[in-house]
Amino acid sequence: MNFLSLVAPDVWRDLIERGHRRTYRSQAVLLAQGESPDGVIALIDGLVKVVQSNEAGDHLTLMLRGPGEVLGEMGVLLDRPRSATVTAVRPCTGVVMAAHAFRGYVARHRLEPIVYRLSVDRLNSQERLRSDLAHLPPLARLARVIAHLAGEVGHQDGGGSVVVELGIPREDLATMAGMSRSSALAALARLQSEGIVTLGRRRLVVRDPALLRAAAQDDAAGNGDRPSRGAPVM
């Protein structure tokens, strides 16, 4: 679910036509944590990662977002500083709309319920994922994260597999799953050896989505690292 999937085509087109189109190179920062919410970005093409920094200086990758998303909307509507940094993991194209213009756009199309529903759904999804991860053994924990990413940013390849263009190091998967790097790499190796996933440098292909879902449903208690805390407003 993303913003585009919840609004009519003409409403999305109005946002695109009123904003200023901009391109971002890979690794460019689109939004920075702590900055004033001076606008939103409608993502037309590309992939971004949402990263939150804590007081200890750790950088925690929280999620990936793809085309059809509006980035920074809740910070603008609530007039709160950005709660996370959004970085392009591959070249992106977006449309920038100033904060006052976006608020007018939301009011004009009566989108307040949709925007808040999307925000709440995302928050609930992140909370459910964190809660589930806390009780799963390492393999199931990583499988649950991969299944979540496949649902968020994956695309069918025509043969039943789901391609996830990660654009992030495998170590970031460990962060998202609340695992140590060694535990995550071991779990990835096992998923690959069982033919469930195929790993590329920054790409992951889910060869058997049913088996991945089965692996993610393992409810045995594990002693792995607990997941990271925090959910972004942006």
Trainee: Heavy atoms, side chains only, cut-off 4.5 Å: are E35 and L31 in contact?
Mentor: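 Sidechains of L31 and E35: no contact.
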
Trainee: Begin with the C-alpha distance, continue with both residues' side-chain angles, and end with the deciding distance and a verdict on side chain to side chain contact (heavy atoms under 4.5 Å, CB included) for H155 and E165.
Mentor: CA-CA 9 Å; H155 61 272; E165 301 286 356; 4.0 Å; yes

Trainee: Answer yes or no: is there a donor N or O on one side and an acceptor on the other, between the side chain of Y105 and the main chain of V11, under 3.5 Å?
Mentor: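 Answer holds: yes.
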
Trainee: Please examine the side chains of D10 and R13, heavy atoms only from C-beta on, and report whether any two atoms are closer than 4.5 Å.
Mentor: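 Yes - at least one pair of side-chain heavy atoms lies under 4.5 Å apart.
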
Trainee: What's the shortest heavy-atom distance between P37 and R80, and which atoms?
Mentor: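 For P37 versus R80, the nearest heavy atoms are CG-O, 3.1 Å.
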
Trainee: For the atom pair CD (E17) and CH2 (W12), what is the distance rounded to the nearest 0.5 Å?
Mentor: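 Spacing of CD (E17) from CH2 (W12) equals 12.5 Å.
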
Trainee: Would V205 and L173 show up in the same hydrophobic cluster when neighbours are defined by side-chain heavy atoms closer than 4.5 Å?
Mentor: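 No, because V205 and L173 fall into different hydrophobic clusters, even though each may have its own neighbours under 4.5 Å.
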
Trainee: Ignoring hydrogens, what is the shortest heavy-atom contact between G34 and P81? Give both atom names and the distance.
Mentor: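 Looking at all heavy atoms of both residues, the shortest contact is O-CB, 3.8 Å.
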
Trainee: Which atom pair, heavy atoms only, marks the closest approach of P67 to G46?
Mentor: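 Taking P67 first and G46 second, the nearest heavy atoms are CD-O, 3.3 Å.
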
Trainee: Restricting to non-hydrogen atoms, name the atom on A150 and the atom on V162 that form the minimum distance, rounded to 0.1 Å.
Mentor: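 Where A150 meets V162 most closely, the heavy atoms are CB-CG1, 4.0 Å.
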
Trainee: The test is side chain to side chain contact (heavy atoms under 4.5 Å, CB included); show your working for E152 and L64 and say whether it passes.
Mentor: CA-CA 8 Å; E152 289 284 330; L64 299 176; over 6 Å; no

Trainee: In Å and rounded to the nearest 0.5 Å, what is the CD to CG distance from Q217 to L136?
Mentor: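 Going from the CD atom of Q217 to the CG atom of L136 covers 8.5 Å.
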
Trainee: Answer with yes or no whether the hydrophobic clustering places V29 together with V51; edges join I, L, V, M, F, W, Y residues whose side-chain heavy atoms lie under 4.5 Å apart.
Mentor: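 Different hydrophobic clusters.
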
Trainee: Any side-chain heavy-atom pair from L15 and H109 closer than 4.5 angstrom?
Mentor: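 L15 does not reach H109 side chain to side chain.
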
Trainee: Is M179 reachable from L199 through a run of hydrophobic residues whose side-chain heavy atoms are each under 4.5 Å from the next?
Mentor: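 L199 clusters together with M179.
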
Trainee: Assess the residue pair R103 and L77 against the criterion (side chain to side chain contact (heavy atoms under 4.5 Å, CB included)); give the C-alpha distance rounded to whole Å, side-chain angles, the decisive distance to 0.1 Å, and a yes or no.
Mentor: CA-CA 7 Å; R103 286 191 287 267; L77 294 179; 3.9 Å; yes

Trainee: Among all residues two or more places apart in sequence or in another chain, which pass the side-chain contact (heavy atoms from CB on, under 4.5 Å) test with D38?
Mentor: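 So D38 forms a side-chain contact (heavy atoms from CB on, under 4.5 Å) with R82.
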
Trainee: So if I apply the side chain to side chain contact (heavy atoms under 4.5 Å, CB included) rule between C92 and each of V86, D45, V48, which one comes out positive?
Mentor: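 The option that passes is V48.
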
Trainee: Would you say that S53 contacts T85 through its side chain, given a criterion of any heavy-atom pair below 4.5 Å between the two side chains?
Mentor: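 No. Closest side-chain heavy atoms not under 4.5 Å.
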
Trainee: A side-chain contact here means heavy atoms from C-beta on lying under 4.5 Å apart; do Y24 and I41 qualify?
Mentor: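 Answer yes - side chains close enough.
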
Trainee: So, taking the atom named CG in L204 and the one named CG in L149, what distance separates them when rounded to the nearest 0.5 Å?
Mentor: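 Going from CG on L204 over to CG on L149, the span is 8.5 Å.
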
Trainee: Any heavy-atom pair between the side chains of L139 and R190 that's under 4.5 Å?
Mentor: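 A side-chain contact exists here, since the closest heavy-atom pair is under 4.5 Å.
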
Trainee: Can you tell me how far apart OG (S83) and CE (M74) are? Round to the nearest 0.5 Å.
Mentor: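 Reported value, rounded in 0.5 Å steps: 10.0 Å.
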
Trainee: Hey, quick one: are L6 and V115 part of the same hydrophobic cluster, counting side-chain heavy atoms closer than 4.5 Å, chains of contacts allowed?
Mentor: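 Cluster IDs for L6 and V115 match.
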
Trainee: Find out if a path of hydrophobic residues (ILVMFWY) with successive side-chain heavy-atom gaps under 4.5 Å connects L211 to V163.
Mentor: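 As far as the 4.5 Å side-chain criterion goes, V163 and L211 are not connected within one cluster.
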
Trainee: Measure the CD1-CG distance between I146 and L188 for me, rounded to the nearest 0.5 Å.
Mentor: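 CG of L188 is found 5.0 Å from CD1 of I146.
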
Trainee: Quick check: closest heavy atoms across V95 and G19, and the distance to 0.1 Å?
Mentor: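 Taking V95 first and G19 second, the nearest heavy atoms are CG1-CA, 3.3 Å.
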
Trainee: Going by side-chain contact (heavy atoms from CB on, under 4.5 Å), name the residues that satisfy it together with A107, two or more places apart in sequence or in a different chain.
Mentor: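 Here the qualifying residues are E112.
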
Trainee: Work out which heavy atom in L118 is nearest to a heavy atom in F3; give both atom names and the distance.
Mentor: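 Result for this residue pair: CD2-N, 3.7 Å.
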
Trainee: I'd like to know whether R207 forms a side chain to side chain contact (heavy atoms under 4.5 Å, CB included) with L212, so could you lay out the CA-CA distance, the side-chain angles of the two residues, the decisive distance to 0.1 Å, and finally the verdict.
Mentor: CA-CA 9 Å; R207 296 294 182 189; L212 180 67; over 6 Å; no

Trainee: Hey, does R21 have a side-chain heavy atom less than 4.5 Å from the side chain of I16?
Mentor: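 SC-SC contact between I16 and R21 confirmed.
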
Trainee: If you round to the nearest 0.5 Å, how far is CZ of R22 from CG of L30?
Mentor: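 The CG atom of L30 sits 7.5 Å away from the CZ atom of R22.
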
Trainee: What pairs with V89 under side-chain contact (heavy atoms from CB on, under 4.5 Å), at least two apart in sequence or on another chain?
Mentor: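 L47, K49, I168.
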
Trainee: Quick check: are there more than 12 heavy atoms from other residues, nucleotides or ligands sitting under 6.0 Å from CZ of R108?
Mentor: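 It does: R108 CZ has more than 12 such atoms within range.
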
